[in-house]
Amino acid sequence: LNIVIKNAHVLLCEPELRTVQCDLQISGGRIAGLGSGGVFRADKVIDGAHKLVMPGLINCHTHIYMSIFRNYADDLNFHKWLFDKIMPVEDRLEPEDAYWCNLLSCLEMIKTGTTCFLDMHMFKGQSVRAAMESGMRAVISRGLVGESADDPAGSGRLAEAWEEMDMARGRDRIGFMLAPHAIYTCGAGYLRHLVEMAKEKDIGLHIHLAESKKEFDDALQAYGCTPTAYLERLGLFAVPTVAAHGVYLTDEDIAILSRNGVHVASNPISNMKLGNGFAPVDKLLRAGVNLCVGTDGASSNNTLNMFKELSALSYIHKGVTGDALSVSARQALTCGTINGAKALGLGGKTGAIAPGMRADLVVIDLNRPQMRPANDLVSALVYSANGSEVETVIIDGQIVLEGGEAKTLDEERIYFEIDRIKNKVL
Ligand SMILES: [Zn+2]
């Protein structure tokens, strides 16, 4: 399908984030051109008047099946939340339940301008199914917990990761990583084994790192070093890694992450909600670490809305550092787009608007009170937008949301199934 978006404000990132008013042409799933010159035969014309076209947001750490837990286990500290409330119910969820929860998350992400996500899950194949059906771009990672290379439970989970990679073979929109859950749920032998496996298959790793004070203190006690130094010692960072959270980091940890090219996915709202604190985002950015952003699961946020996350990222670190220049709107938006693409190994493919890139685009309605006047549209996206301005979403050249209406997903059916699952499980 050839699509043209006529005369919109288009967000470009080179040489810096800025908007220009022009046409944007899409062909064969890619951005074919910008500007109004040349002959372009469009099958579909989208009127871009009073609209802004931006690259789709990239959610670099989430657990999409967890939408069922939204507003179910609130106002609890991290360990009580995870071990007493979430884990017991997770065991009662069936794969088909997880599938519907995944679709609810995809629907929410699409409606709030996210086109790509990095998932960590525990239901074989269900995230792949949801990504395929929703039309979203995704990198999927089976959450892995185990003691050693020959631990039967750990091996079983790893076998599931390989199986779902086979399921999606040949689907360009869906990628994979291995996801050792955390240092407190994976033994050293198992972590070393996963590093070898990731090298062999040429895929990245996705892990929770230094999320809570307890994890940090326990590592000091058990290994005599920080969680970050421990993972470096195990050789984990020899493989491209997305480390989620990174709240408890020393200056030396930041140097380790920087020199190993580790991508850090900050989850500011989840960290606050679970009482885990504030990541040293300002220091990470200064150290040149590729910082991206995630919402975490819907139980610790309680939305998958990246607009909310990006504004939080910017506001919080100004407050924490006492420096209004900390995490500018431009830095926040870069973290939510280009840096996210880089972290997922999708740089040059998504995360920015330029000819040749895959067409992962969000059309924002500027005819909203919170978006006027248009003094600075980059600031408007981070500080004024709330996600409700998302009107049309295109992923890989396919229209998945048009005029606010989902095109790939059956919204009513999803709500019906979610109510049924809630009554059964919670
Ligand atoms: Zn998480």
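When a ligand or atom number is given, it counts from 1 through the structure's own listing order.
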> Compute whether any side-chain donor of one residue and acceptor of the other, for Lys273 and Asn302, lie under 3.5 angstrom apart.
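Asn302 and Lys273 do have a side-chain donor-acceptor pair below 3.5 Å.
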> State whether the side chain of Asp119 and the backbone N or O of Ile64 hold a donor-acceptor pair below 3.5 Å, judged by distance alone.
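Pair found, side chain donor or acceptor close to backbone of Ile64.
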> Any side-chain donor paired with an acceptor under 3.5 Å for Asn301 and Arg70?
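Per modelled atom types, Asn301 and Arg70 side chains form no pair under 3.5 Å.
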> Does Lys214 count as lying over the ring of Phe78, i.e. NZ or CZ under 6.0 Å from the six-ring centre, within 45 degrees of the axis?
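No, cation not above the ring by the 6.0 Å, 45° rule.
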> Please find out if less than 6.0 Å separates the ring center of Tyr99 from that of Phe123.
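Tyr99 vs Phe123: aromatic centres not under 6.0 Å.
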> Listing by chain and number, what protein N/O/S atoms are under 2.8 Å from the Zn ion (ligand 1)?
His61 NE2, His63 NE2, His208 NE2, Asp296 OD1
> Under 6.0 Å between ring centres, would you say that holds for His208 and His181?
yes
